[in-house]
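Single-structure report; data block below.
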Amino acid sequence: MKHIVILGSTGSIGTSSLDVISRLGQNYQVLGLSANNNADLFLKQVHQFKPRFAAVMNPATYEKIKDQIPTCTRLLPPEIDSLCFMASLPSADLIINGVVGAIGFQPLVSAIKAGKTVALANKEPMVMAGKTLMKECQRWKGAILPVDSEPSAIFQCLTGMADEHSYPTISQDISRIFLTASGGPFAKRKGALSTVTPEEALNHPRWKMGKKITIDSATLMNKGFESIEIMNLFNLPEQKVQIVIHPQSIVHSAVEFYDGAILAQMGEPDMRVPIQYAITYPKRLPGPVKKLNLFEVAKLEFSAPDLNRFPCLELALAAARQGGIFPAVLSAADEIAVESFLNGQIKFTDIAKLVYSVLKAAPQTPGDATLNQAVEADRWAREKATEILADKSYRKAII
């Protein structure tokens, strides 16, 4: 039996995870749930799955629900320590980290130091200090299973290179990775993107996701984050990662070997597939997703990304090359920029300008960022982004 903690249970990853678990049977039990402020959905989840522990991060939501929690569930205080506590529970077999942004960093560290297996959908920690986190996994005998469809696809293609107790890593046999991207809602849009509205950017053609990741998909920043994530997860140099725009989202990614053979993971664009694989790993069980019909697909398209039109992707790749604290700065600055766009403070094309302005002001640090350096860089970047946003100096940025 697996006892599972889900951090971010009311988001798209969390709700999909609970849907998968509800179909898998009694061998998969929910031990803990956390959310931010969706009180009605969270209460419904808690009453349905009856976890031993629950937590909400919003104090107002905590006050609203505290008297409606079932007696079998302990509601923890609305603070980050509650997430860290659940992420390191001795009885937890799997932690699903589906929270959004850097708030997922500390719970991930807690889970790793407790030797837990983490199904990771929250990519920001792997961007902030991924190489250091992988070293911590080795030190504490923890493990990270990628949940995002593309990193999961690469993981699945490489799993045959390791037994069920070890993590697949890149060997000398690997030529390159094809990291696919749908291209978002504006891949084929004509004209300038400066007039894009939040509603348009949130209308993703293939995936139903949270607001932050949907905007990142529209700017292609999400693909930049994933590039950094897989470089860190699989110990890859940048030159072995080739980003490919694939509008149908049928090929979720592929691995090319030096002999010319390519292994690809294909399937319908449904996040429940990689989520279930992480939950049942190393086993595969019947799933709820429609099977791929190649005759219906008929045609698959592939093209190179336009870095001039989508500068956020180039900024992410440049931050990866710089190393040090730059990826952590990138992640934090992007959070502020996306929030500002959704709030109507800046234009869609200003997201890249604001992120660039923060990166330009960041100090160079030698070596990989330590956990403490990543956290401090995240704090600094948020302050700097807020400062630049206030004085509107980002408008002068030329990328």
Side-chain angles (χ1 to χ4, degrees), residues 1-9 13-14 17 21 28-34 53 55 80-99 101-148 151-152 154-156 158-159 161-170 225-226 228-236 274-283 327-328 331 368-375 378:
M1 179 176 290
K2 279 189 178 180
H3 295 93
I4 302 168
V5 170
I6 302 177
L7 305 181
S9 66
I13 294 297
S17 297
I21 291 170
Y28 298 86
Q29 297 290 320
V30 176
L31 178 63
L33 294 175
S34 86
F53 299 98
I80 192 68
D81 286 349
S82 296
L83 301 190
C84 294
F85 170 79
M86 286 199 291
S88 56
L89 284 168
S91 54
D93 299 301
L94 179 70
I95 313 299
I96 300 177
N97 191 339
V99 299
I103 193 173
F105 188 86
Q106 292 184 43
L108 175 59
V109 172
S110 296
I112 290 172
K113 289 186 175 181
K116 300 299 178 183
T117 297
V118 182
L120 186 63
N122 174 228
K123 61 176 62 65
E124 283 83 359
M126 290 304 297
V127 172
M128 292 168 63
K131 289 183 180 178
T132 302
L133 288 169
M134 294 306 289
K135 291 176 183 176
E136 290 295 299
C137 283
Q138 293 180 342
R139 177 183 178 187
W140 300 100
K141 301 188 185 307
I144 293 175
L145 305 179
V147 166
D148 278 332
S152 174
I154 297 166
F155 180 83
Q156 292 180 57
L158 295 174
T159 298
M161 299 167 63
D163 62 38
E164 65 181 79
H165 302 296
S166 63
Y167 197 81
T169 55
I170 295 298
F225 285 160
E226 285 182 359
I228 299 172
E229 180 184 12
I230 67 168
M231 288 179 209
N232 292 331
L233 277 171
F234 304 110
N235 193 28
L236 276 168
I275 287 171
Q276 177 164 308
Y277 185 68
I279 290 174
T280 64
Y281 179 79
K283 298 178 181 178
S331 173
D368 300 328
T370 66
L371 300 182
N372 289 337
Q373 284 177 327
V375 171
D378 179 89

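To the nearest 0.5 angstrom, Ser34 atom OG is 9.0 Å from Ile6 atom CD1. The CH2 atom of Trp140 sits 11.0 Å away from the OG atom of Ser110 when rounded to the nearest 0.5 Å. Distance check, rounded to the nearest 0.5 Å: NZ of Lys116 to CG of Asp93 gives 7.0 Å. Once rounded to the nearest 0.5 Å, the distance linking CD1 of Ile228 with CG of Leu236 reads 13.0 Å. Atom CG of Leu33 sits about 7.5 Å away from atom CE of Met86, to the nearest 0.5 Å. Here the CG-CZ distance, from Leu145 to Phe155, works out to 5.0 Å after rounding to the nearest 0.5 Å.
Residues Lys131 and Asn235 are not in side-chain contact: their nearest non-hydrogen atoms beyond the backbone lie 4.5 Å or more apart. When side chains are defined from C-beta on, Met134 counts as touching Met126, because their heavy atoms get closer than 4.5 Å. Looking only at side-chain heavy atoms (C-beta outward), Asn122 and Leu108 stay at 4.5 Å or farther from each other. You'll find the side chain of Leu31 reaches within 4.5 Å of the side chain of Val5, heavy atoms only. Between Glu136 and Leu371, some side-chain heavy-atom pair lies under the 4.5 Å cut-off. Contact annotation: the side chain of Gln156 approaches that of Tyr277 to within less than 4.5 Å [non-hydrogen atoms, C-beta and beyond]. Using a 4.5 Å heavy-atom threshold, the side chains of Leu133 and Ile112 count as touching. Side-chain contact between Pro274 and Asp148 is absent, with no heavy-atom pair separated by less than 4.5 Å.
Across every non-hydrogen atom of Ser152 and Val147, the tightest pair is CB-O, 4.2 Å. Residues Pro151 and Leu233 share a closest heavy-atom pair of CB-CD1, 4.4 Å. Of all non-hydrogen atoms in Ile154 and Phe234, the two that sit nearest each other are CG2-CE1, 3.6 Å. Taking each heavy atom of Gly130 and Asn232 in turn, the nearest pair found is CA-ND2, 3.5 Å. Nearest heavy-atom pair across Met128 and Ala374 is CE-O, 3.7 Å. Here the closest non-hydrogen pair linking Ala119 and Leu94 is N-CD1, 3.9 Å.
Side-chain atoms of Ser88 come within 3.5 Å of backbone N or O of Cys84 as a donor-acceptor pair. Proximity of a side-chain donor or acceptor of Asn97 to a complementary backbone N or O of Leu7 within less than 3.5 Å is not detected. Side-chain N or O atoms of Glu229 include none that pairs as donor or acceptor with a backbone N or O of Glu226 at under 3.5 Å. Although no hydrogens or angles enter the test, the distance criterion places no donor-acceptor pair under 3.5 Å between the side chain of Ser9 and the main chain of Gly14.
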Original post:
Step by step, would you call Ile95 with Thr117 a side-chain contact (heavy atoms from CB on, under 4.5 Å)?
Top reply: CA-CA 6 Å; Ile95 313 299; Thr117 297; over 6 Å; no
Subject >> Ile279 vs Ile96, side-chain contact (heavy atoms from CB on, under 4.5 Å): CA-CA, chis, key distance, verdict >> reply: CA-CA 8 Å; Ile279 290 174; Ile96 300 177; 3.9 Å; yes
Original post:
For Ile144 and Cys137, what are the C-alpha separation, side-chain angles and deciding distance, and is it a side-chain contact (heavy atoms from CB on, under 4.5 Å)?
Top reply: CA-CA 8 Å; Ile144 293 175; Cys137 283; 3.8 Å; yes
**OP:** Applying side-chain contact (heavy atoms from CB on, under 4.5 Å), run through Val375 and Phe105 and close with a yes or a no.
**Re:** CA-CA 8 Å; Val375 171; Phe105 188 86; 3.6 Å; yes
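Classification of the Phe53-Phe85 ring pair by plane angle, with boundaries at 30° and 60°, yields perpendicular.
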